[in-house]
Amino acid sequence: MKTYYLAVDIGASSGRHILSHIENGKLVLEEIYRFENNLVADETGLVWDIDRLFAEVLCGIKKCKEIGKIPKSIAIDTWGVDYVLIDENRKEIKPCYCYRDSRTNAVVDEVESLVFPAQLYAKTGIQKQNFNTIYQLYADKKNGKLLNAKYFLMMPEYLSFKLTGVYKNEYTNATTTGLVNAKTKTWDNDILSALDLPSELFGALNTPSSLVGDLSADIQKAVGFNCAVLFAPSHDTASAVCACPMRDNDLYISSGTWSLIGTEITEPILSDSARILNFTNEGGMDYRFRFLKNYMGMWLFQNIRRNLNKSMTYDEMMTLAMNCGEYKYFDVNDRTLVAPKNMIDAIGKLICSDDLGLILNSAYHSLAKSYSEAASEIEAVTGKRFNAIHIVGGGCQDKYLNALTRDYTGKSVTAGPIEATATGNIISQIISDKKISLAAARDLIKKSFDIKEI
């Protein structure tokens with residue numbers, strides 16, 4: 001009898017339910033449900049529709065019963081930074097803001113007057129981003145939203161709570177908040193105290209592959225079965241890196257809405273040079289650290305395609321860029337690209353052109369140039385030489401960007417697995433069930449998927 005594992009993998013633009021089992025020594029993945037997950041602009045700002053989000057999660061789980069494949073366990077991963085506050089009556093305190101909302105801009109300076117950036121980095125090792133949870137929570141404190149809060153749950157923890165009724169926090173996603181001490185791997189009470197954030201909101205940090213709980217009675221009735229809910233590396237990048245078939249001293253690029261380029265280390269790098277270069281030390285499996293840099297990745301192309309009313313496929317956009325013949329560099333992390341009303345216009349202003357081919361080709365070359373610069377900086381900070389880059393995630397299907405990455409970095413490049421985040425999520429469940437190591441799990445991934453050299 002086959003043992004099934006269900007990964008609920010939710011990104012900033014879409015979500016999917018991937019069912020998996022092991023057959024003939026290989027992982028078999030089956031997508032059973034997919035849904036859109038777009039941020040909502042309302043009178044309060046840019047927010048998430050968490051009611052619809054959970055309804056979609058539940059719909060996907062019901063599919064397991066419909067197709068007669070009941071999972072032994074379920075785990076959820078999402079993007080980082082964002083969270084839901086729960087009151088004493090176990091009700092959500094809305095709205096649930098999206099990290100792309102601009103409300104944090106007004107509090108960044110005040111936060112940094114209370115905890116200096118160098119001091120914050122020396123403790124957490126987390127790069128400065130104006131949307132980091134630390135700034136979001138401080139904005140909530142200023143507007144009174146924390147007054148009735150009893151529990152703080154990152155997005156995958158909230159969805160797991162809705163399935164089980166159990167409040168628990170998970171380590172990898174918590175590290176994206178800018179509130180976790182990189183050395184102790186616990187919430188940093190000095191930071192919480194300095195910002196007057198109530199420490200009682202934050203629970204103990206649980207590791208990936210640990211149990212959240214069984215489905216609650218109400219959820220069992222709704223979906224027609226019971227199973228365990230586990231923690232994956234609940235930050236989607238942590239799951240993607242978990243699935244990256246790399247050796248020591250290799251680099252990875254998790255290529256999705258964001259492009260995250262880095263390496264895996266066992267001790268955080270908290271030096272001032274790492275801080276100035278804006279590297280981050282995010283938590284991973286086995287308390288490894290993802291030493292990486294964030295760039296806006298497929299977000300650029302997703303929004304360009306949306307502006308075109310999806311009249312072009314991604315392949316057609318790629319071909320238009322390849323045939324352009326010229327390009328101009330721009331900063332892919334420019335603030336005007338975070339949540340523009342029109343991405344084509346926003347990039348066009350940066351390169352002083354309204355030619356779509358040039359805009360697309362400039363985005364490609366600017367991303368590849370960013371990867372090359374980040375790779376050189378990682379080598380400078382770590383004192384290591386890296387020869388290989390493994391690109392995983394949906395963006396690894398972009399042959400043009402893969403080739404440009406190889407050309408700009410001068411390193412060997414491999415692409416795959418495509419469903420890296422869901423695969424890492426599933427692998428964490430198998431690690432829990434089969435009691436295998438991360439190294440053994442990565443060997444299973446190498447055997448299971450077509451990983452191509454560029």
Where the side chain of [X] meets the backbone of [Y], is there a donor-acceptor pair that is under 3.5 Å apart?
X    : Y    : result
N143 : K145 : yes
S20  : I426 : no
S209 : S428 : yes

[X]-[Y] side chain donor-acceptor pair, cut-off 3.5 Å:
X    : Y    : result
D42  : T44  : yes
N425 : Q429 : yes
Y400 : H365 : yes
N105 : Y135 : no
D334 : T336 : yes
Y33  : E56  : yes

I need the minimum non-hydrogen distance between [X] and [Y], along with the two atoms involved.
X    : Y    : value
L53  : M155 : CD2-SD, 4.1 Å
E170 : P233 : OE2-CA, 3.9 Å
N281 : P268 : OD1-CA, 3.5 Å
L337 : D331 : CD1-O, 3.8 Å
Y295 : A374 : OH-CB, 3.7 Å

Check step by step if salt bridge (Lys or Arg N to Asp or Glu O under 4.0 Å) holds for D51 and K94.
CA-CA 11 Å; D51 294 330; K94 298 178 181 178; 2.5 Å; yes
If you count heavy atoms of other groups shown closer than 6.0 angstrom to [atom1] of [X], is the number above 12?
X    : atom1 : answer
K63  : NZ    : no
K150 : NZ    : no
K446 : NZ    : yes
D345 : CG    : yes

Are the charged groups of [X] and [Y] less than 4.0 angstrom apart, N to O?
X    : Y    : value
K293 : E377 : yes
R103 : D140 : yes
D315 : K399 : no
D9   : R16  : yes
R442 : E264 : yes
E66  : K62  : no
K2   : E23  : yes

Report the C-alpha separation of Y371 and S259 in whole Å, then their side-chain angles, then the decisive distance to 0.1 Å, and conclude whether the side-chain hydrogen bond (donor to acceptor under 3.5 Å, both in side chains) test is met.
CA-CA 9 Å; Y371 298 163; S259 288; 2.6 Å; yes
Please confirm whether [X] makes a cation-pi placement over [Y], using NZ or CZ under 6.0 Å from the six-membered ring centre and within 45° of the ring normal.
X    : Y    : value
K72  : Y4   : no
K162 : F54  : yes
K65  : F225 : no
R100 : F131 : no

Given the rule in the side-chain hydrogen bond (donor to acceptor under 3.5 Å, both in side chains) test, do Q397 and N402 qualify, once you have shown the distances and angles that lead to the verdict?
CA-CA 8 Å; Q397 299 173 92; N402 292 344; over 6 Å; no
Just jot down the side-chain contact (heavy atoms from CB on, under 4.5 Å) partners of D250, sequence neighbours excluded, or say none.
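Only M246, R247, A388, H390 meet the side-chain contact (heavy atoms from CB on, under 4.5 Å) criterion with D250.
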Distance in Å, L211 CG paired with N206 CG, rounded so as to fall on 0.5 Å steps
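Nearest 0.5 Å value for the CG-CG distance: 9.5 Å.
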Sub-6.0 Å ring centroid separation between [X] and [Y]:
X    : Y    : value
F279 : F291 : yes
Y83  : Y158 : no
F161 : Y151 : no
Y99  : Y97  : no

Carefully, step by step, assess Y364 and F301 under the rule ring-ring contact (aromatic ring centres under 6.0 Å, His included).
CA-CA 9 Å; Y364 273 105; F301 303 112; 4.6 Å; yes
For R290 and E282: C-alpha separation, side-chain torsions, deciding distance, then whether salt bridge (Lys or Arg N to Asp or Glu O under 4.0 Å) applies.
CA-CA 5 Å; R290 294 169 285 125; E282 295 174 351; 2.8 Å; yes
Test side-chain contact (heavy atoms from CB on, under 4.5 Å) on L215 and V223; report intermediate values, then the result.
CA-CA 10 Å; L215 296 177; V223 302; 4.0 Å; yes
